[in-house]
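What follows is one structure encoded as structure tokens, with my remarks underneath.
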Amino acid sequence: MTTDAPSATSGAVLVTGATGTVGSHVVSALADRDAQVRAAVRDPAGAADEFARTVELVEFDFERPETWGQALADVDRLFLMRPPAVSDVKRHLTPFVDAAARTGVEQVTYLSVLGAEKNPLLPHRRVERHLESTDVAATFLRASFFMQNLHEVHAEEVASRDEIFVPAGDGATSFVDARDVGEVAAVVLTDADRGSGRRNRAYDLTGPVALDYRQVAAVFSAVLDRGIEYADPSVPEFAWRMHRRGFDWGYVAVMVGIYTTARLGLADRVTDDVSRVLDRDPRTLREYVADYADEFRR
Ligand SMILES: NC(=O)c1ccc[n+]([C@@H]2O[C@H](COP(=O)([O-])OP(=O)(O)OC[C@H]3O[C@@H](n4cnc5c(N)ncnc54)[C@H](OP(=O)(O)O)[C@@H]3O)[C@@H](O)[C@H]2O)c1
């Protein structure tokens with residue numbers, strides 16, 4: 001497997017969720033590989049400053065099918081993700097996949113979740129199954145918990161209270177850096193064989209080790225050079241504080257589900273898929289905390 005094969009494709013790569021945690025890195029990693037990138041965003045004017053000039057922006061909304069045609073014109077590859085807020089798979093995801101297949105998309109790289117294959121009711125698995133039923137070459141990136149959640153959701157507790165406040169008990173998690181997920185997507189999308197060698201193939205993307213949150217707190221303490229504790233709140237304590245911080249109950253419930261999975265020891269599987277695709281080790285939590293240290297300053 002090569003990581004530096006030039007793109008043998010001619011059309012553009014459409015990146016959904018281009019302003020998001022993974023999509024933003026998919027866009028930059030594709031641009032680094034000289035792919036023709038089109039970033040699909042709901043508000044092109046508002047997002048313009050986030051992207052290099054070489055990246056084309058197009059208005060796109062999963063919930064507004066009238067935006068799909070222009071976004072898909074002359075596109076032959078697609079990075080697909082399901083925004084957490086777009087819950088109706090049958091109404092917004094599968095018709096968009098069908099539109100992509102109809103308009104000439106040959107390869108779809110889909111951001112899924114680790115363990116999706118075991119849960120047919122999960123929206124991610126339902127999208128995977130729909131992709132399997134089409135003629136496009138689909139590749140599933142089943143990612144573990146992103147390290148970036150630690151600043152996007154939990155930086156406030158680290159910065160203002162020196163604590164990591166999640167109800168994960170003693171369970172370990174195989175945190176993956178979203179930058180690595182973005183790079184894996186770019187490699188798959190620029191395969192010389194248009195992904196056909198990876199057709200209906202799944203990669204389980206994890207970091208190099210599984211860490212429990214005491215170990216996570218120790219990495220934070222060492223890198224930030226101050227004591228960070230793991231608070232290990234009860235579920236009601238966690239839910240109430242998150243709600244008071246402004247998260248709606250639906251989002252709090254999703255977080256509780258994710259941390260309960262970790263608490264039960266179901267989030268600790270480590271694979272070498274990132275290193276097999278990228279030909280280098282995955283980023284460590286220590287590298288992540290160092291790179292994002294400003295987010296955690298008091
Ligand atoms: N967090 C984790 O640890 C984790 C792990 C594995 C898998 N996942 C999966 O990864 C996916 C989320 O990816 P992410 O974290 O990169 O995304 P994210 O940071 O949550 O960003 C959401 C993206 O979706 C866009 N978006 C929202 N509503 C939209 C709509 N109606 N139409 C088009 N675009 C819309 C947003 O664009 P705007 O700029 O327009 O708002 C934004 O770019 C989910 O399916 C999640 O289950 C997450």
Side-chain angles (χ1 to χ4, degrees), residues 14-29 38-51 55 57-68 70-72 78-89 91-93 95-97 99-100 109-117 119 122-128 131 140-154 166 168 173-185 202-207 216 247 250-251 253-255 257-259 261-262 266-267 269 271 273-274 285 288:
L14 184 71
V15 178
T16 60
T19 58
T21 307
V22 174
S24 56
H25 297 295
V26 178
V27 169
S28 53
R38 185 178 297 164
V41 295
R42 284 185 294 179
D43 174 15
D49 289 346
E50 290 180 41
F51 297 99
V55 173
L57 295 186
V58 68
E59 183 180 0
F60 171 78
D61 192 326
F62 282 106
E63 297 177 339
R64 292 177 50 227
E66 64 273 24
T67 63
W68 299 356
Q70 199 189 340
L72 286 168
L78 168 67
F79 174 76
L80 179 68
M81 52 79 72
R82 183 189 69 88
V86 177
S87 53
D88 194 335
V89 166
R91 193 149 162 233
H92 299 122
L93 267 294
F96 177 64
V97 166
T109 296
Y110 174 57
L111 176 59
S112 186
V113 67
L114 198 63
E117 71 282 7
N119 187 347
L122 205 65
H124 304 82
R125 181 60 194 141
R126 287 162 54 211
V127 175
E128 287 184 2
L131 281 162
F140 308 143
L141 306 184
R142 293 181 180 145
S144 185
F145 190 79
F146 303 150
M147 294 176 186
Q148 279 70 8
N149 295 317
L150 294 167
H151 72 270
E152 290 177 355
V153 183
H154 302 296
V166 300
T173 297
S174 55
F175 298 91
V176 67
D177 194 311
R179 294 172 293 182
D180 288 345
V181 179
E183 283 179 41
V184 169
Y203 290 95
D204 292 338
L205 304 181
T206 76
V216 171
F247 293 103
Y251 189 79
V254 170
M255 284 196 274
I258 289 168
Y259 292 118
T261 304
L266 301 173
R269 194 156 66 86
T271 75
D273 283 6
V274 168
L285 188 75
Y288 158 76

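Every number for a ligand or one of its atoms is a count from 1 in the order of the listing. For the numbers below, each heavy atom of this structure counts, side chains included, while hydrogens, waters and symmetry mates do not.
When His124, Arg142, Met81 are checked for heavy-atom proximity to atom 23 (C) of ligand 1, Met81 turns out nearest.
Scanning the protein for heavy atoms near atom 48 (C) of ligand 1, the closest one is Phe146 CE1, 3.3 Å. Scanning the protein heavy atoms around atom 6 (C) of ligand 1, the nearest turns out to be Ala143 O, 3.3 Å. Annotation: atom 40 (O) of ligand 1 to nearest protein heavy atom, Arg42 NE, 2.8 Å. Pro83 CG, 3.6 Å is the protein heavy atom nearest to atom 35 (C) of ligand 1. Of all protein heavy atoms, the one lying nearest to atom 44 (C) of ligand 1 is Arg82 O, 3.2 Å. Closest to atom 21 (O) of ligand 1 among all protein heavy atoms lies Gly20 CA, 3.5 Å. Of the protein's non-hydrogen atoms, the one nearest atom 32 (N) of ligand 1 is Phe62 N, 3.0 Å.
At a 4.0 Å heavy-atom cut-off, ligand 1 touches Ser112 through the backbone alone. Contacts between Glu152 and ligand 1, counted as non-hydrogen atom pairs separated by less than 4.0 Å, are absent for every part of the residue. Of the heavy atoms in Val41, none comes closer than 4.0 Å to ligand 1. Residue Leu114 does not touch ligand 1, judged by heavy-atom distances below 4.0 Å.
Ligand 1 places these atoms under 4.0 Å from at least one heavy atom of Leu111: 10 (O), 11 (C), 13 (O). Less than 4.0 angstrom separates some heavy atom of Thr19 from each of these atoms of ligand 1: 36 (C), 37 (O), 38 (P), 39 (O), 42 (C), 43 (O). The ligand atoms of ligand 1 that sit less than 4.0 angstrom from a heavy atom of Phe145 are 3 (O). Under a 4.0 Å criterion applied to the non-hydrogen atoms of Ser144, ligand 1 contributes the atoms 5 (C), 6 (C). Atoms of ligand 1 lying under 4.0 Å from at least one heavy atom of Val22, given by number and element, are 16 (O). Which parts of ligand 1 touch Pro84 is read off a 4.0 Å heavy-atom cut-off, strictly below it: atoms 20 (O). Annotation for ligand 1: atoms under 4.0 Å from non-hydrogen atoms of Asp61 are 30 (C), 31 (N), 32 (N), 33 (C).
Remark: Gln70 CD is loosely packed, at most 12 non-hydrogen atoms of other residues, nucleotides or ligands lying under 6.0 Å away.
Arg125 CZ to Arg142 CZ: the interatomic distance, rounded to the nearest 0.5 Å, is 6.0 Å. Taken to the nearest 0.5 Å, the CG atom of Asp180 stands 12.0 Å off from the CG atom of Leu141. The CG atom of Asp273 sits 5.5 Å away from the CG atom of Asp204 when rounded to the nearest 0.5 Å. For the atom pair Ser112 OG and Arg82 CZ, the distance stands at 9.5 Å (nearest 0.5 Å). Between Arg269 atom CZ and Leu114 atom CG the span is 5.0 Å, to the nearest 0.5 Å. Distance check, rounded to the nearest 0.5 Å: CZ of Phe79 to CG of Leu14 gives 11.0 Å.
Scanning both residues, Phe247 and Val153, for their nearest heavy atoms gives CZ-CG1, 4.0 Å.
Remark: aromatic rings of Tyr259 and His154 are close, center separation under 6.0 Å.
With no hydrogens or angles considered, no side-chain donor-acceptor pair links Thr21 and Gln148 at under 3.5 Å. Thr19 and Glu50 share no donor-acceptor pair across their side chains, judged by distance under 3.5 Å alone.
Backbone and side-chain nitrogen or oxygen atoms of Asp43 are examined, and none is located within less than 3.5 angstrom of a nitrogen or oxygen of ligand 1.
Among the candidates Val184, Val113, Thr271, the single residue satisfying the side chain to side chain contact (heavy atoms under 4.5 Å, CB included) test with Leu205 is Val184.
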